[in-house]
Amino acid sequence: MPPVHDILTQLAAIAAAYPWLAIAWHAYFGAFAVALLCGWRPPRRLTGILLVPPLLSASAMAWIAANPFNGAVLLVLAGLLLLLALKQPCAPARIAPPWLLFPGAALFAVGWAYPHFLAAGSLLPYLYRSPLGLLPCPTLAMVLGVALILDGLGSRGFCLALGGFALFYGAFGVFRLGVAADWTLLLGALILLARAMTRSAAAGKGAA
């Protein structure tokens with residue numbers, strides 16, 4: 001594994017090299033958030049599909065930067081989430097209860113204005129140029145935030161897959177790279193995994 005300094009330098013280089021792409025992903029998720037606030041409840045299948053492209057984008061950035069590990073892991077996650085999304089019904093997604101909604105909104109905000117790897121002289125660039133769709137952790141924070149806001153799309157498998165990968169990246173970011181912002185990703189992953197477990201328990205009671 002490369003030294004921590006080399007990893008951090010590579011991630012910062014990606015964040016600096018593609019500001020136009022970061023802006024595009026902010027517009028993508030901004031439009032999604034506005035639609036939700038206006039009352040749109042997308043089908044669960046469509047929602048899952050819409051969460052895949054930003055992961056593919058971050059995977060492509062990793063391959064371009066000669067980081068095959070991140071490229072491959074994010075590609076696998078994107079493929080897995082796509083398969084799980086295609087199995088979802090066309091029933092509309094629902095807004096989660098408060099214990100998921102508020103952490104989801106917090107993760108959405110962290111993904112939107114990820115406070116690391118962006119060299120900016122003021123706070124304003126963080127509102128539209130943070131490395132969303134470029135780097136694994138801010139992208140996962142955003143995707144995880146949307147999943148929490150929409151109650152894990154009602155899918156235990158989706159929660160487990162996304163939560164498991166996010167847990168790995170959150171733990172790596174916190175304990176290996178020393179990125180404090182990734183505590184939010186780590187805690188969010190645990191909350192999503194807890195939702196998967198409660199959904200499983202509820203299903204078991206229903207079967208009984």
Student: Just checking W112 against Y126, ring centres under 6.0 Å apart?
Tutor: no
Student: If you define the side chain from C-beta out and look only at heavy atoms, does anything of L177 sit under 4.5 Å from L11?
Tutor: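 Yes, their side chains come closer than 4.5 Å.
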Student: Please round to the nearest 0.5 Å and tell me the distance separating atom CZ of F108 and atom CG of L36.
Tutor: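 One gets 8.0 Å once the value is rounded to the nearest 0.5 Å.
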Student: Got a sec: does the CZ of R94 have more than 12 other heavy atoms crowding it under 6.0 Å?
Tutor: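 Counting neighbours around CZ of R94, 12 or fewer heavy atoms of other residues, nucleotides or ligands fall under 6.0 Å, so no.
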Student: Should P89 and R44 count as side-chain neighbours, where that means a heavy-atom distance under 4.5 Å?
Tutor: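 Counting from C-beta outward, P89 and R44 do come under 4.5 Å.
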Student: What is the minimum heavy-atom distance between S57 and G133, and which atoms define it?
Tutor: OG-O, 2.7 Å
Student: Answer whether the closest heavy-atom distance between the side chains of P138 and V110 falls below 4.5 Å.
Tutor: no
Student: Measuring from atom CG of L192 to atom CG of L187, what distance do you get when rounded to the nearest 0.5 angstrom?
Tutor: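 Spacing of CG (L192) from CG (L187) equals 13.0 Å.
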Student: Can you tell me how far apart CG (L193) and SG (C159) are? Round to the nearest 0.5 Å.
Tutor: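 Reported to 0.5 Å precision, the distance equals 8.0 Å.
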Student: Under 4.5 Å between any side-chain heavy atoms of V143 and V146, yes or no?
Tutor: no
Student: Would you confirm whether W183, through its side chain, and V174, through its main-chain N or O, come within 3.5 Å as a donor-acceptor pair?
Tutor: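 Absent.
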Student: Are F32 and T47 packed together at the side-chain level, in the sense that at least one heavy-atom pair is separated by less than 4.5 angstrom?
Tutor: yes
Student: Would you check if W25 and P53 make a side-chain contact, meaning some heavy-atom pair closer than 4.5 Å?
Tutor: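 Yes - at least one pair of side-chain heavy atoms lies under 4.5 Å apart.
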Student: Without swapping roles, check the side chain of N67 against the backbone of N70 for a donor-acceptor pair under 3.5 Å.
Tutor: yes
Student: Side chain of T139, backbone of L132: donor and acceptor closer than 3.5 Å?
Tutor: no
Student: Going by atom types alone, do R45 and Q88 pair a side-chain donor with an acceptor below 3.5 Å?
Tutor: no
Student: Tell me whether W99 is reachable from L185 by hopping between hydrophobic residues (I, L, V, M, F, W, Y) whose side-chain heavy atoms are closer than 4.5 Å.
Tutor: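 Cluster IDs for L185 and W99 match.
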Student: Quick one: closest heavy-atom pair of A15 and L135, and the distance?
Tutor: CB-CD1, 4.4 Å
Student: How close do L186 and A171 get, heavy atom to heavy atom, and via which atoms?
Tutor: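 That closest heavy-atom pairing would be CD1-N, 3.9 Å.
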Student: So, does S59 use its side chain to make a donor-acceptor pair with the main chain of L55 at under 3.5 Å?
Tutor: no
Student: When rounded to the nearest 0.5 angstrom, what distance separates CZ in F158 from CG in L83?
Tutor: 11.5 Å
Student: Could you see if L190 belongs to whatever hydrophobic cluster contains M197? Use Ile, Leu, Val, Met, Phe, Trp, Tyr and a side-chain cutoff under 4.5 Å.
Tutor: yes
Student: Please work out whether the ring planes of Y114 and F117 are parallel, tilted or perpendicular, with thresholds of 30° and 60°.
Tutor: parallel
Student: Do L56 and W63 share a hydrophobic cluster (ILVMFWY, side-chain heavy atoms under 4.5 Å, transitive)?
Tutor: no
Student: Indicate yes or no: at least one non-hydrogen side-chain atom of I23 is less than 4.5 angstrom from one of Y18.
Tutor: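 The answer is no, as the side chains (C-beta and beyond) never meet within the 4.5 Å cut-off.
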Student: Do the side chains of L148 and L101 get nearer than 4.5 Å, heavy atoms only?
Tutor: no
Student: Taking L51 as the starting point, is it possible to reach V34 by hopping between hydrophobic residues whose side chains are less than 4.5 Å apart?
Tutor: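 V34 and L51: separate clusters.
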Student: May I ask whether L150 and F102 are part of the same hydrophobic cluster, defined by side-chain heavy atoms of I, L, V, M, F, W, Y residues being less than 4.5 angstrom apart, directly or through others?
Tutor: no
Student: Is there a donor-acceptor contact under 3.5 Å from the side chain of Y28 to the main chain of P54?
Tutor: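 Not a single qualifying donor-acceptor pair exists.
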Student: Hey, could you give me the CZ/CZ distance between R195 and R156, rounded to the nearest 0.5 Å?
Tutor: 12.0 Å
Student: Supply the atom-to-atom distance L162 CG to L153 CG, rounded to the nearest 0.5 angstrom.
Tutor: 9.0 Å
Student: Going by atom types alone, do H116 and S130 pair a side-chain donor with an acceptor below 3.5 Å?
Tutor: no
